[in-house]
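Below, chains carry the letters A, B, ... as their sequence lines are ordered, and counting in each starts from 1. This one's a predicted model, so the numbers in the text were calculated from it and none came from an experiment.
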Number of protein chains: 2
Amino acid sequence: MDLNVHDEMTCQVRDVLDRVGDKWTLNVVHQLRHGTRRFTDLKRGIDGISQRMLTVTLRALERDGLVARTVHPVVPPRVDYALTPMGQTLLKTAWELIEWAQTHADDIAGARRRYDSTAG
Amino acid sequence: MDLNVHDEMTCQVRDVLDRVGDKWTLNVVHQLRHGTRRFTDLKRGIDGISQRMLTVTLRALERDGLVARTVHPVVPPRVDYALTPMGQTLLKTAWELIEWAQTHADDIAGARRRYDSTAG
DNA sequence: TTCCCCGGTCACCCCATGGTTCCTGATGAT
DNA sequence: ATCATCAGGAACCATGGGGTGACCGGGGAA
């Protein structure tokens with residue numbers, strides 16, 4: 001029975017990383033932590049993201065019910081993005097991982113230097 | 001000042017995902033949750049991983065001080081892998097993300113179906 | 001003697017991820 | 001009469017992450 005659970009886990013690990021582990025998703029989610037943002041606003045806020053990748057990432061988040069997209073039929077167009085309640089729980093959880101990274105950044109850098117100096 | 005913090009955050013998000021967000025790392029860490037495992041044992045436990053990718057992933061984890069590698073000079077060769085204390089804290093944190101995924105798997109699947117049926 | 005086991009390394013190749021550039025469409029400002 | 005704004009769409013392309021298969025070395029089993 002442990003094996004079955006274990007295989008399910010393996011699958012879940014894969015699923016969550018496929019969902020959230022790409023280059024931009026958590027960045028976008030993080031940008032939305034304080035509330036509604038507009039497309040160009042997000043683009044300016046995320047260093048290095050292209051227009052296309054922002055669109056792709058937002059669409060995926062919208063599809064999964066993590067981000068709500070609101071179109072205002074005005075000109076020039078105005079589209080608002082915000083986290084859904086489920087998106088907010090994701091942010092909360094992912095935040096812990098970010099904090100872990102901050103806490104251990106130095107340890108990892110040190111370990112890396114040691115490893116590289118001994119093993120070439 | 002919020003902007004500076006914000007940019008640092010963006011960087012940290014990127015760093016942690018570069019470290020942990022690839023296809024296999026969390027799977028391997030998860031496999032090691034109960035203690036020491038051997039190479040072939042890990043390979044059998046992670047569905048679909050190739051020998052090369054397991055090696056690459058383990059080397060990266062070792063380099064970052066997250067996994068300890070112990071070679072026993074016997075024949076046939078025996079190599080043990082185990083989480084370091086830092087690796088265990090990573091597992092603990094990542095676990096929350098996995099639990100999030102399990103909790104919301106149905107919601108996401110539902111949202112996805114709705115999205116695809118209306119816009120697809 | 002030949003095969004298998006274990007823990008890898010090496011060389012090669014593919015395709016998915018993501019980047020770049022150009023396009024749209026309505027309108028207000030210059 | 002242009003030009004810029006805003007939110008994308010479409011086509012094209014490059015990189016590298018990741019997969020495949022071969023090979024290694026030394027001892028035990030058949």
Side-chain angles (χ1 to χ4, degrees), chain A residues 10-11 13-29 31-32 36-64 67-82 115 118-120, chain B residues 10-11 13-29 31-32 36-64 67-82 115 118-120:
Chain A
T10 296
C11 243
V13 174
R14 191 86 128 260
D15 286 347
V16 64
L17 286 182
D18 286 349
R19 176 70 280 275
V20 120
D22 68 352
K23 193 170 179 179
W24 301 112
T25 293
L26 279 193
N27 275 289
V28 171
V29 170
Q31 287 288 316
L32 293 171
T36 297
R37 305 279 301 265
R38 298 182 58 184
F39 185 88
T40 304
D41 187 23
L42 284 170
K43 179 159 158 35
R44 274 194 283 261
I46 301 174
D47 189 51
I49 196 170
S50 66
Q51 205 164 9
R52 190 181 82 93
M53 288 317 297
L54 181 54
T55 300
V56 168
T57 304
L58 285 169
R59 286 291 176 281
L61 285 168
E62 187 197 355
R63 182 166 106 100
D64 288 351
V67 156
R69 179 170 178 268
T70 312
V71 182
H72 301 95
V74 296
V75 71
R78 177 194 180 93
V79 181
D80 288 336
Y81 292 95
Y115 184 94
T118 61
Chain B
T10 297
C11 242
V13 174
R14 192 86 127 258
D15 286 347
V16 64
L17 287 182
D18 285 348
R19 175 72 280 274
V20 119
D22 68 351
K23 194 170 179 181
W24 301 111
T25 293
L26 279 193
N27 276 289
V28 171
V29 170
Q31 287 288 317
L32 293 172
T36 297
R37 306 278 301 264
R38 300 182 56 182
F39 185 90
T40 305
D41 188 23
L42 285 170
K43 179 159 160 37
R44 274 195 284 262
I46 302 174
D47 189 50
I49 196 170
S50 65
Q51 203 165 10
R52 191 180 82 92
M53 288 316 298
L54 180 54
T55 301
V56 168
T57 304
L58 285 170
R59 286 290 177 281
L61 285 168
E62 188 197 355
R63 181 165 109 101
D64 289 351
V67 156
R69 179 170 178 267
T70 311
V71 181
H72 302 95
V74 296
V75 71
R78 177 194 180 94
V79 181
D80 288 334
Y81 293 95
Y115 184 94
T118 61

In whole angstroms, how far is the C1' atom of C/dG8 from the CZ atom of B/Arg38?
-> 13 Å
Once base and sugar-phosphate atoms are separated, protein heavy atoms under 4.0 Å mark nucleotides 9-19 of chain D, 5' to 3', with B, S and - as S-B------BB
With side chains defined as the heavy atoms from C-beta onward, is the minimum distance between A/Val29 and A/Val67 less than 4.5 Å?
-> no
Distance, rounded to the nearest Å, where B/Leu42 contributes CG and C/dG7 contributes P | 9 Å
Closest approach of A/Thr36 to A/Ala82 (non-hydrogen atoms, all atoms of both residues) | OG1-CB, 3.7 Å
Can you tell me if the side-chain N/O atoms of A/Thr40 get under 4.0 Å from OP1 or OP2 in D/dC6?
-> no
Enter the distance from A/Asp47:CG to A/Asn27:CG here, rounded to the nearest 0.5 Å.
-> 9.5 Å
Note: A/Ile49 and A/Lys43 closest approach over all heavy atoms is O-NZ, 3.5 Å
Whole angstrom is fine here: how far is it from NZ in A/Lys43 over to C1' in D/dT5?
-> 14 Å
How close or far is atom P of D/dG8 from atom CG of A/Asp41, stated in whole angstroms?
-> 13 Å
Rounded to the nearest 0.5 Å, the OH atom of B/Tyr81 sits from the CG atom of B/Leu54 at a distance of 7.0 Å
Whether A/Arg69 side chain and A/Glu62 backbone form a donor-acceptor pair below 3.5 Å | no
Can you check the A/Phe39 CZ to D/dA7 P distance for me, whole Å?
-> 7 Å
For the pair made of CD1 in A/Ile46 and C1' in C/dG18, what is the distance, rounded to whole Å?
-> 14 Å
Taking side chain as C-beta onward, heavy atoms only, is B/Phe39 less than 4.5 Å from B/Leu58?
-> yes
Pairing residues for B/Ser50 by the side-chain contact (heavy atoms from CB on, under 4.5 Å) criterion, not counting sequence neighbours | B/Arg52, B/Met53
In degrees, rounded to 10°, what is the bend between the two ends of the helix from C/dT1-D/dA30 to C/dT30-D/dA1, using five pairs at each?
-> 20°
side-chain contact (heavy atoms from CB on, under 4.5 Å) partners of B/Arg38, counting only residues at least two apart | B/Asp41, B/Arg78, B/Asp80
In B/S/- notation (B base, S sugar-phosphate only, - none; protein heavy atoms under 4.0 Å), nucleotides 25-30 of chain C written 5' to 3' is BBS---
So does A/Arg69 get a side-chain nitrogen or oxygen closer than 4.0 Å to the phosphate oxygens (OP1/OP2) of D/dG8?
-> yes
Below 4.0 angstrom from OP1 or OP2 of D/dC6, is there any side-chain N or O of A/Tyr81?
-> no
Nearest heavy-atom approach of B/Tyr115 to B/Thr118 is O-OG1, 3.1 Å
Apply side-chain contact (heavy atoms from CB on, under 4.5 Å) to A/Arg19 and list each qualifying residue two or more places apart in sequence or on a separate chain.
-> A/Thr25, A/Ala60, A/Leu61, A/Asp64, A/Leu66, B/Arg112
d(CZ, A/Arg78; P, D/dG8) in whole Å | 13 Å
